[in-house]
Chemist: 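Sharing a structure below in structure tokens format, with a few things to ask.
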Amino acid sequence: MDKYRIAVIAGDGVGPEVMAEAVKVLEAASAKDGRFSFEFTYFPWGCEYYLKTGEMMPKDALETLKAFDAILLGAVGYPGVPDHISLRELLLTIRHGFDQYINLRPVKLLEGAPCPLKDVPREDIDMIFVRENSEGEYSGSGAWLYKGTPHEVVIQNGVFSRMGCERVIRYAYNLAREKGKTLTSISKANALNYSMVFWDQIFAEVGKEFPDVETHSLLVDAASMFMVKDPKRLQVVVTSNLFGDILTDLGAAISGGMGLAAGANLNPEKKFPSMFEPIHGSAPDIAGKGIANPLASAWTAGQMLAFFGYPEWEDRIVNAIQELLVEKKGLTPDMGGTASTSECGSALAAKL
Ligand code: NAD
Ligand code: IPM
Ligand code: MN
């Protein structure tokens with residue numbers, strides 16, 4: 001039996017609430033399957049830890065995490081600690097430090113999930129976003145000059161390396177080929193005359209290796225419009241870090257809401273552990289009430305199982321989520337139910 005060592009950083013707000021359910025679901029999958037088991041190690045890092053220690057996580061955190069097969073992360077960020085500190089010093093440090101350059105975010109409208117779009121058949125919302133996750137607008141490069149003076153200047157650099165663009169774009173082409181889907185690149189070369197012109201050029205260059213993959217290119221403003229008006233245009237999507245962040249919250253909105261939106265931060269070469277997290281944040285408005293939806297975290301746990309080589313388990317978890325939605329069983333208030341976070345997780349585990 002394969003034993004996987006999982007680091008759990010439950011984090012802030014609803015993070016610990018939803019992570020407990022992801023763990024429940026993984027235990028259920030392990031018990032049912034019998035080929036794999038887990039050893040979970042919990043790290044109390046996050047905003048509370050920061051308020052006590054002055055750090056979001058210890059200086060040797062990456063060294064510690066390196067020994068694990070994967071990281072499960074709930075959410076980070078809470079009022080009382082500035083977001084640019086809490087996120088940069090924990091989440092982004094791990095994504096960048098472990099070269100998790102692929103952020104894989106499914107946007108799929110399951111049967112029974114709420115959708116605010118009129119006249120859009122459910123099957124039309126079935127995308128997978130490949131978001132660049134290591135550089136771009138999130139490079140953290142810049143300067144704050146003459147701070148507090150009248151000629152204060154801030155510079156936030158977008159960093160688009162040839163290697164960084166090629167590898168994420170090539171990953172997306174391979175995924176589109178494997179799934180027999182079209183690939184759409186989303187950029188903004190009409191205004192961003194260096195970074196996005198370069199991105200488009202590399203999309204075309206790498207495309208020469210994949211003559212069998214049908215491609216499209218969209219500007220990000222038009223892409224956001226099509227996601228609402230004609231979502232079937234998008235199947236596999238590749239885009240930059242910031243565009244991918246924004247478009248996947250829109251994706252969540254059209255595919256059932258934040259409570260259903262999963263994501264995986266992958267280091268495909270497995271040189272470092274990958275990290276699995278729902279795309280939502282710490283949801284301070286509902287934290288502590290026991291009503292956060294754990295299904296996004298459960299789906300994320302499914303993505304982890306797929307990454308470990310059990311793709312059928314992601315399918316089983318997603319199918320079980322769909323059954324709950326169709327039967328309207330064990331759902332939290334955001335899905336129109338009355339179940340608590342823990343009841344929802346238990347209902348899902350029972351399905352498995
Ligand atoms: P958010 O995703 O936390 O919340 C947005 C809305 O979605 C809220 O109304 C919230 O109640 C709802 N929501 C989110 N998750 C839900 C769930 N599981 N079930 C039901 N409803 C859910 O975004 P925000 O309010 O902009 O950010 C809050 C904090 O989280 C900030 O500090 C932000 O920086 C941080 N954040 C962290 C991550 C992360 O750790 N990966 C991601 C996004 C935001
Ligand atoms: C996400 C989040 C993060 C991001 C923030 C919290 C830094 O919004 O994972 O979508 O922008 O990547
Ligand atoms: Mn986001």
Side-chain angles (χ1 to χ4, degrees), residues 8-22 45-48 50 56-57 71-96 100-107 113-114 129 131-140 156 239-253 255-266 275-300 321 331-345 348:
V8 183
I9 306 174
D12 306 313
V14 299
E17 301 171 41
V18 294
M19 274 302 104
E21 304 315 307
W45 305 336
C47 288
E48 261 178 54
Y50 179 89
M56 288 296 293
M57 57 184 186
I71 303 161
L72 277 178
L73 184 132
V76 180
Y78 217 69
V81 182
D83 269 358
H84 68 278
I85 294 176
S86 56
L87 277 311
R88 175 76 45 198
E89 293 187 5
L90 199 159
L91 183 73
L92 298 179
T93 298
I94 299 174
R95 286 182 187 167
H96 295 176
Q100 295 165 344
Y101 63 89
I102 300 296
N103 192 187
L104 205 57
R105 295 185 159 183
V107 173
F129 271 75
R131 168 190 178 193
E132 203 295 317
N133 210 34
S134 66
E135 51 171 35
E137 306 88 341
Y138 281 46
S139 68
Q156 186 90 46
T239 191
S240 71
N241 210 331
L242 180 63
F243 293 171
D245 174 48
I246 298 167
L247 292 175
T248 53
D249 262 36
L250 177 57
S255 61
M258 298 309 288
L260 278 178
N265 304 280
L266 304 180
M275 178 162 67
F276 299 83
E277 48 161 347
I279 83 168
H280 65 72
S282 59
D285 52 341
I286 57 166
K289 299 186 176 156
I291 56 166
N293 189 340
L295 296 176
S297 292
W299 189 333
T300 269
I321 292 173
L331 300 178
T332 47
D334 59 315
M335 296 287 116
T338 54
S340 68
T341 305
S342 149
E343 286 165 348
C344 180
L348 183 62

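Fair warning: this is a prediction, and the values are worked out from it, not measured in the lab. Note that ligands are numbered from 1 as they come in the structure, with each ligand's atoms numbered from 1 the same way.
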Chemist: How many angstroms lie between atom CD of Glu132 and atom CD1 of Ile102, to the nearest 0.5 angstrom?
Modeler: 7.5 Å

Chemist: What do you reckon, does Arg95 have a nitrogen or oxygen under 3.5 Å from a nitrogen or oxygen of ligand 1?
Modeler: no

Chemist: Which is closest to atom 8 (C) of ligand 1 in terms of heavy atoms, Val76, Asn293, Asp285, Leu91?
Modeler: Asp285

Chemist: Heavy atoms only: which of Leu87, Asn133, Val76 lies closest to atom 5 (C) of ligand 2?
Modeler: Leu87

Chemist: Regarding atom 28 (C) of ligand 1: of the candidates Gly77, Gly15, Pro284, which has the closest heavy atom?
Modeler: Pro284

Chemist: How does His280 reach ligand 2, by side chain, by backbone, by both or by neither, if only non-hydrogen atoms under 4.0 Å count?
Modeler: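 Looking at His280 and ligand 2, no heavy atom falls under 4.0 Å.
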
Chemist: Where on Met258 is there a heavy atom closer than 4.0 Å to ligand 1, on the side chain, on the backbone, on both, or on neither?
Modeler: side chain

Chemist: Return yes when Arg105 approaches ligand 2 closer than 4.0 angstrom through a heavy atom, no otherwise.
Modeler: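 Checking ligand 2 against Arg105, which is what was asked, there is a heavy-atom contact under 4.0 Å.
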
Chemist: For atom 20 (C) of ligand 1, state which one of Leu295, Leu73, Ile286, Ile9 supplies the nearest heavy atom.
Modeler: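 Ranked by closest heavy atom to atom 20 (C) of ligand 1, first place is Ile286.
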
Chemist: Run the numbers for me: atoms of ligand 1, each under 4.0 Å from some heavy atom of Ser282, listed by number.
Modeler: 3 (O), 28 (C), 29 (C), 30 (O)

Chemist: Just going by heavy-atom distances, which of Ala75, Gly281, Ala283 is nearest to atom 43 (C) of ligand 1?
Modeler: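 Heavy atom nearest to atom 43 (C) of ligand 1 belongs to Gly281.
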
Chemist: Taking distance alone, with no angle check, do Glu277 and ligand 2 share an N/O pair under 3.5 Å?
Modeler: no

Chemist: How far is atom 34 (O) of ligand 1 from its nearest protein heavy atom, and which residue and atom name does that atom have?
Modeler: Asp83 OD2, 2.9 Å

Chemist: Please determine whether any non-hydrogen atom of Glu137 lies less than 4.0 Å from an atom of ligand 2.
Modeler: no

Chemist: Between the side chains of Asp245 and Tyr138, is a donor N or O closer than 3.5 angstrom to an acceptor N or O?
Modeler: yes

Chemist: Answer with yes or no whether the side chains of Ser134 and Gln100 bring together a donor and an acceptor at under 3.5 Å.
Modeler: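 Not at all, the side chains of Gln100 and Ser134 share no donor-acceptor pair under 3.5 Å.
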
Chemist: I need the contact type for Arg95 against ligand 2. Using non-hydrogen atoms and a strict under-4.0 Å cut-off, is it side chain, backbone, both or neither?
Modeler: side chain

Chemist: Take the Mn ion (ligand 3) and tell me which protein N, O or S atoms are nearer than 2.8 Å.
Modeler: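 Asp245 OD1, with waters left out.
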
